[in-house]
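Taking it in order: structure first as structure tokens, then the write-up.
Chain identifiers are assigned alphabetically (A, B, ...) following the order of the sequence lines, protein sequences preceding nucleic acid strands; residue numbering begins at 1 within each chain.
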Amino acid sequence: MLDLRFVRENPGKVVEALEKRNYDISVFDDFLKNEENRKKMSEAVENGHMRLNEISEKIGVMRKQGQDISLLLSDAKSLSDTIKVQEASLNEYKEKVRNTLLLIPNIPHETVPVGRDETENVEIRRWGDPPIFDFSPLNHWDIAEMLGIIDFERASKIAGARFALMKGAGARLERALMNFMLDLNTSKGYTEVFPPILVNRESMTGTGQLPKFDAELFRIADPEFYLIPTAEVPVTNIHRDEILEEAALPLYYTAYTPCFRREAGSYGKDTRGLIRQHQFNKVELVKFVKPEDSYDELEKLTMDAEDILKRLGLPYRVIALCTGDLGFSAAKTYDLEVWLPGQQRYREISSCSNFEDFQARRANIRFKRDGKKGTELVHTLNGSGLAIGRTVVAILENYQQKDGTVVIPAALRPYMGAERIV
RNA sequence: GGAGGGGUGGCCGAGUGGUCGAUGGCGGCGGUCUUGAAAACCGCAGGGCGAAAGUCCCGUGGGUUCGAAUCCUACCCCCUCCGCCA
């Protein structure tokens with residue numbers, strides 16, 4: 001959510017941002033209309049309250065003195081009734097303002113390349129060379145099937161399409177990656193947390209998934225809970241409605257969680273294999289920082305995610321998302337894309353974003369500067385470090401051997417208890 | 001699931017219809033004193049909106065009333081006991 005005052009005072013910037021993102025600017029017009037009405041009605045209600053408070057106080061005093069208060073009582077009664085009607089309409093306007101404001105996306109940072117869609121994203125750097133095979137490299141699902149470590153058919157029987165049953169070394173690889181990533185992240189000062197995986201509506205709204213993206217979420221009806229699509233949701237909401245001490249910042253968290261996504265509208269995309277699942281594991285990095293530090297922190301966070309790929313020896317590139325491809329809540333995002341020999345292309349394995357104060361405002365996460373009055377919103381950031389399912393894919397495909405076995409990257413061997421999957 | 005008890009400012013804890021945004025204590029900040037510290041004493045401090053006047057905020061939403069932290073109601077959360085359960 002953007003700042004109400006900012007939106008009101010900088011309509012040009014908001015419209016420009018909407019246009020850069022290929023959004024319909026009518027959401028902004030709706031907002032303006034509602035906000036105007038709200039403000040007018042708010043003034044009327046406040047004035048009413050002021051007068052009513054004065055009368056009520058007088059009634060209290062006069063009653064104590066035993067004076068006649070019947071005239072004042074009837075005045076107060078009618079004023080009170082008027083206010084109630086005005087309040088009802090004020091609440092409607094407030095609701096509308098909030099609803100329209102919640103639908104306006106974040107303003108892209110000035111360093112974000114302007115572009116229409118993902119084809120205009122900008123490559124920032126590459127690391128590692130795609131492996132050269134003296135045979136035709138296989139897809140991960142073929143490798144996994146030959147090794148007997150992933151069973152898609154039975155997963156489909158148990159749950160349905162877009163689920164996987166990991167077995168033996170496959171299950172172990174999943175667990176090894178989780179531990180490897182958490183250990184590496186905590187060694188860099190991230191605090192490990194294991195949060196709730198079902199969350200309430202307020203948390204989903206706090207990080208921006210709701211109200212706009214409910215089609216992507218799994219929901220439990222009674223009692224109402226949402227399954228998290230990413231650990232970003234519960235971890236960012238750790239500090240919802242809190243005022244943090246300046247000295248406590250920056251706060252770094254890392255969390256392993258399963259993630260659940262409907263993948264509505266992705267029919268026919270990545271239907272085979274582990275790339276796109278309804279349930280997948282991910283280790284996430286989340287930061288709460290002071291506003292002036294957030295862009296440095298984004299660079300550092302991205303490098304922390306890259307470090308995982310480097311240690312696993314997986315070739316990747318870093319992409320700056322252009323304005324047209326930027327997520328709703330993000331001001332700037334780097335995607336990490338790992339090389340997949342089975343597809344002969346780079347695929348997203350991590351997404352690192354600075355949300356500036358967009359989430360903090362929704363979730364009401366503030367901090368107090370030492371010796372200063374008042375509070376400020378923190379900046380929040382997060383990034384995958386990393387998506388585990390896709391890391392499994394990358395390892396299987398990049399480390400596959402001619403004989404059908406898969407070599408385990410050296411850094412992972414202590415966790416895997418093996419040098420190779422046979 | 002059954003029975004009971006609670007949610008008040010950073011924390012503890014008063015307040016049961018009328019200057020209560022809220023007594024008091026702890027913690028915090030600034031002084032006095034001290035070589036320094038502690039103790040003692042004095043003083044300052046909640047948040048949102050608004051240019052300001054002002055207005056709103058005592059778990060949340062409704063309601064009663066001229067007026068609600070205080071009364072009614074629904075819901076949420078926490079605690080204790082019983083049952084059940086990993």
Result block: side-chain N/O donor-acceptor pairs under 3.5 angstrom for residues 406-419 of chain A, not counting sequence neighbours:
unit_1: A/R413; atom_1: NE; unit_2: A/I408; atom_2: O; d: 2.8
unit_1: A/R413; atom_1: NH2; unit_2: A/I408; atom_2: O; d: 3.0
unit_1: A/Y415; atom_1: OH; unit_2: A/D183; atom_2: OD2; d: 2.6

Under 3.5 Å, sequence neighbours excluded: what are the donor-acceptor pairs made by side chains of residues 383-392 of chain A?
unit_1: A/S384; atom_1: OG; unit_2: A/S351; atom_2: N; d: 3.1
unit_1: A/R390; atom_1: NE; unit_2: A/I275; atom_2: O; d: 3.0
unit_1: A/R390; atom_1: NH1; unit_2: A/E348; atom_2: O; d: 2.9
unit_1: A/R390; atom_1: NH2; unit_2: A/I275; atom_2: O; d: 3.1
unit_1: A/T391; atom_1: OG1; unit_2: A/A387; atom_2: O; d: 2.6

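Residue pairs meeting the side chain to side chain donor-acceptor pair (under 3.5 Å) criterion with at least one member in residues 168-180 of chain A, sequence neighbours excluded: A/E174-A/N281. For residues 82-98 of chain A, the side chain to side chain donor-acceptor pair (under 3.5 Å) pairs, not counting sequence neighbours, are A/H49-A/E87.
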With sugar-phosphate taken as primed atoms, P, OP1 and OP2 and all else as base, the protein-contact string of nucleotides 50-59 of chain B at under 4.0 Å (heavy atoms; B, S, -) is S---BSS---
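Partners of A/F152 according to the ring-ring contact (aromatic ring centres under 6.0 Å, His included) rule, which considers only residues two or more places apart in sequence or in another chain, do not exist here. Partners of A/Y316 by ring-ring contact (aromatic ring centres under 6.0 Å, His included), not counting sequence neighbours, listed by chain and number: A/W127. Among residues two or more places apart in sequence or in another chain, the side chain to side chain contact (heavy atoms under 4.5 Å, CB included) test is passed with A/E292 by A/K290, A/R369. For A/D307, the side-chain hydrogen bond (donor to acceptor under 3.5 Å, both in side chains) partners at least two apart in sequence or on another chain are A/K188, A/R311.
The base of B/rG47 has none of its N or O atoms less than 3.5 Å from a complementary donor or acceptor on the side chain of A/R366.
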Give me, pair by pair, the N or O atoms of the protein and of nucleotides 27-29 of chain B that are less than 3.5 Å apart, along with how far apart they are.
none

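Comparing A/G60 and A/D3 by the nucleotide of RNA chain B whose heavy atom lies nearest to each, the residue mapping closer to the 5' end is A/G60.
Between A/H379 and A/Y295, the distance separating the two ring centers is not shorter than 6.0 angstrom. Taking the centre of each ring, A/F28 and A/Y23 stay at or above the 6.0 Å mark.
A heavy atom lying under 4.0 Å from RNA chain B marks the following residues of residues 75-83 of chain A, by number: A/A76, A/K77, A/S80.
Using a 4.0 Å heavy-atom distance criterion, A/I55 is classed as making no nucleic acid contact. Residue contacts shown for A/L52 are limited to sugar-phosphate atoms, with no base heavy atom under 4.0 Å away.
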For RNA chain B, the dot-bracket notation using Watson-Crick and G-U wobble pairs below 3.5 Å, [ ] for pseudoknot-type crossings and | for other-strand pairs, is ((((((((.[[[..)..(.....]]].(((((.......))))).((((....)))).[[[[[..)....]]]]])))))))....
